[in-house]
Amino acid sequence: MYGRRLTPVFWRRCLLVVLAAGVITGLSKADLRPEPALSSIFPMGGNPGTEFTAEVRGTALEGVYAVWFDSDVLSADIQHVEPVNKDAKPGLPPSKRKYRAALRLRIQDAAKAGLYWMRLLTPNGLTDAVRFRVNSDPVIEEVGSAHSDPESAQRLDRFQVVVNGRFSRKAEVDFYDFEVSAGERLRFEAYSGSPSTDPVLTLFEPTGSWHNPARLTRLAYNDEPTHYPGRSNESRLTYRFEKAGRYVLRVEPFLGGGGPDHVYQLRATRPNAGERAEKHRTRHFSRQAIGPLWEERNFTRPLRPDALEVLWSRSTGRPEREPGGEIAVANADTGSANSQPVDVMLPSFIQGTVESPGDIDRVRFDAKRGDGIAIEVETPDAAPPDFVPYLRVVDEAGVEVFSNVHSMVHANGGFIMKVLSPKTVFDFRRDGRFTLEVRDLTTQRGDDRFAYRILLRPQVPHVGAVHIEEDRLNLVAGEIYKLSIVTDQEEGFEGYIALAVEGLPEGVRVIPATEVEFLKVRQPRLSEGKVERYLAKNRTATLLLVTDDDAPPTRAPSMMQVMATPVRKGEMGRPILAKQMPVMVLESNEETEQPDVTGLAATR
């Protein structure tokens, strides 16, 4: 080609090759058999004993034929399904085509208040899950007409009420008004119905002015606290009204978001006398759809009174002296900075509050050479980054032995990163009497919300969290699916973790496998510090789910369970449920017909 003139014909041929390559590349597996996904459900909640029509939105929902819940107290029927973007540009990949499905949803009288998971069944498999609320308070719907200004605000004529609302377009604002008596105290909560929704609450008093009789005076504002992993992102506002009269509440999307998937619930209640505002913390709902079932290294996970029994149930063998009953509780609030530490014995729960800036609580305990201890801290109210509990263990001379600060030298050594850990383990090298100090990291903050609960205990070698990324599996006949499982070994667990998979559909089998690990070019840390004190060791196992060519397609999902069994010192422990998820088998033929759903239940 060198020295030859490139003619227009040559360039046209090159263009055709490029276009053909683009067409071939575009026909990926994801487009040939797109993974169906959900983005929202509206309304996002209801009362037990009710039946109503709900709209579910998502992508690749063509041919939806059934609804699946994680509980038998909810059921639904498909009324119709239609594409949302009918006028979308030609050639839009199937995985990007949006649909909405109308459901007739029923909640049984026996349904308990809380969150439930809902999925749809399609010819291309099972969708991911959206959360649906069953509410104990009476539920009403947002009015059909716009109420985007104070004059057209929707009236709340009672409290202990939940409103299903939606920001249908960008920057939409919803107003609600109500009448109160002098001295009355109300709480407002805004729950998000999708990851894209972030509602904000603002409370106003209509005061008027000489220039504007409709002027509003802002009384209170609330968005969720500074975002931090494990924290709730729901807005809550509690206010005591000094004067009787009419007030206005504004609910709006953060930074002007909005659209058909931006759904929310507004809850208005009268809190009990003397009750503080509801805490901003993670609510520990059922984690059947996402995340590990076991959480151990999180400031907001609850520390249970039977913690040692639970830990030994995830291990093998027993201690020489059986832990009996509930663990003792000690109060570390001494009331004076110069008071003597409180003496405790292991295991003990230590509870207290960093009530003022610089407040330090202390407890004292004895340890012997070779003793391994674990310190876990829970922040039930204010949590990082508001309250960052700094724990330090010192000897009788006041010299620090260890703390919950994990220091790491990063990149080229130009800076040190320090992270405070909710769990720290340590092995003592000598006998002695030691003091645990508890304070806020900054020493400049403290109030009655800075409460803590610490579990000071002997180490228990056990199976920690088991991490599996998938929340459902759509297997195709004749294909192989890789399932990666990461297991945490906590507190010196030196044995094995046996993995088993139960509840698979017919024609699917499990084969353990190894895989090639490719080198990743990355800048390593110069020093990870004493990582064994702050992080669990972990290993990755690979399981192959092999689907036979003649595996029968499933009309409804099977509930697959991944079990982890500790094996230590030649002894096998009890199986632990690590994850459960729905699994379906799909036909290998791309031109799948809509399944026969005669007699198929709408729930699992």
Side-chain angles (χ1 to χ4, degrees), residues 40-46 52 55 133 135 137-194 196-225 233-271 277-278:
S40 66
I41 178 173
F42 180 82
M44 60 173 285
F52 51 89
E55 179 186 82
R133 287 180 177 271
N135 304 101
D137 299 318
V139 176
I140 62 175
E141 299 301 317
E142 179 184 25
V143 294
S145 57
H147 50 113
S148 56
D149 56 67
E151 289 73 22
S152 61
Q154 180 174 343
R155 172 55 59 100
L156 299 179
D157 55 4
R158 58 179 173 177
F159 295 101
Q160 300 300 132
V161 66
V162 174
V163 183
N164 284 311
R166 174 158 56 181
F167 305 119
S168 300
R169 60 185 183 278
K170 287 187 177 298
E172 180 177 315
V173 176
D174 292 340
F175 281 89
Y176 300 88
D177 68 350
F178 52 91
E179 299 280 344
V180 298
S181 304
E184 191 165 7
R185 189 163 168 258
L186 297 178
R187 176 183 300 157
F188 302 96
E189 303 167 80
Y191 302 118
S192 171
S194 67
S196 58
T197 310
D198 186 5
V200 178
L201 299 175
T202 311
L203 181 65
F204 297 94
E205 179 184 5
T207 55
S209 69
W210 186 80
H211 292 286
N212 180 14
R215 177 182 176 181
L216 299 177
T217 299
R218 193 175 87 167
L219 301 178
Y221 169 88
N222 186 268
D223 192 8
E224 75 276 1
N233 65 348
E234 296 165 347
S235 298
R236 300 178 182 89
L237 188 156
T238 302
Y239 192 83
R240 184 179 184 276
F241 298 87
E242 299 294 336
K243 299 184 298 182
R246 173 180 175 265
Y247 293 84
V248 176
L249 180 73
R250 184 176 68 194
V251 186
E252 61 186 319
F254 182 66
L255 294 181
D261 291 323
H262 289 246
V263 300
Y264 68 89
Q265 274 195 339
L266 171 65
R267 182 172 181 243
T269 58
R270 289 188 175 95
E278 187 170 334

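The residues of the chain are indexed from 1 along the displayed sequence.
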_Just verifying a value: how many Å separate T207 OG1 and L216 CG, rounded to the nearest 0.5 Å?_
7.0 Å
*If only atom types and distance count, is the side chain of R185 paired as donor or acceptor with the main-chain N or O of T238 below 3.5 Å?*
no
_Between N135 (side chain only) and D137 (backbone N and O only), is there a donor and an acceptor less than 3.5 Å apart?_
no
_side-chain contact (heavy atoms from CB on, under 4.5 Å) for R215 and F204? Distances and angles first, verdict last._
CA-CA 10 Å; R215 177 182 176 181; F204 297 94; over 6 Å; no
*Would you say the side chain of Q154 lies within less than 4.5 Å of the side chain of L266, judging by non-hydrogen atoms?*
no
*Kindly say whether R270 contributes a backbone atom to a donor-acceptor pair with the side chain of Q160 at under 3.5 angstrom?*
yes
*So, do V173 and R250 sit near enough that their side-chain heavy atoms are less than 4.5 Å apart?*
yes
*Could you give me the CA-CA distance, side-chain angles and deciding distance for L219 and Y247, then say whether side-chain contact (heavy atoms from CB on, under 4.5 Å) is met?*
CA-CA 10 Å; L219 301 178; Y247 293 84; 3.6 Å; yes
_Any non-hydrogen side-chain atom of L201 less than 4.5 Å from a side-chain atom of V251?_
yes
*Can you find a pair of side-chain heavy atoms, one from E141 and one from R166, that are under 4.5 Å apart?*
no
*Taking C-beta and beyond as the side chain, do E172 and H262 meet within less than 4.5 Å on heavy atoms?*
no
*Ignoring hydrogens and geometry, is there a side-chain-to-backbone donor-acceptor pair from H147 to S152 under 3.5 Å?*
no
*Could you walk me through whether V163 and L156 pass side-chain contact (heavy atoms from CB on, under 4.5 Å), step by step?*
CA-CA 9 Å; V163 183; L156 299 179; 3.9 Å; yes
*side-chain hydrogen bond (donor to acceptor under 3.5 Å, both in side chains), paired with Y264, selected from D174, D198, T197*: D174
_Any non-hydrogen side-chain atom of R267 less than 4.5 Å from a side-chain atom of R133?_
no
*Does F178 have its ring centroid less than 6.0 Å away from the ring centroid of F159?*
yes
*Side chains of P260 and E55: closer than 4.5 Å at any heavy-atom pair?*
no
*Considering only heavy atoms from C-beta outward, does the side chain of E142 approach that of N164 to under 4.5 Å?*
no
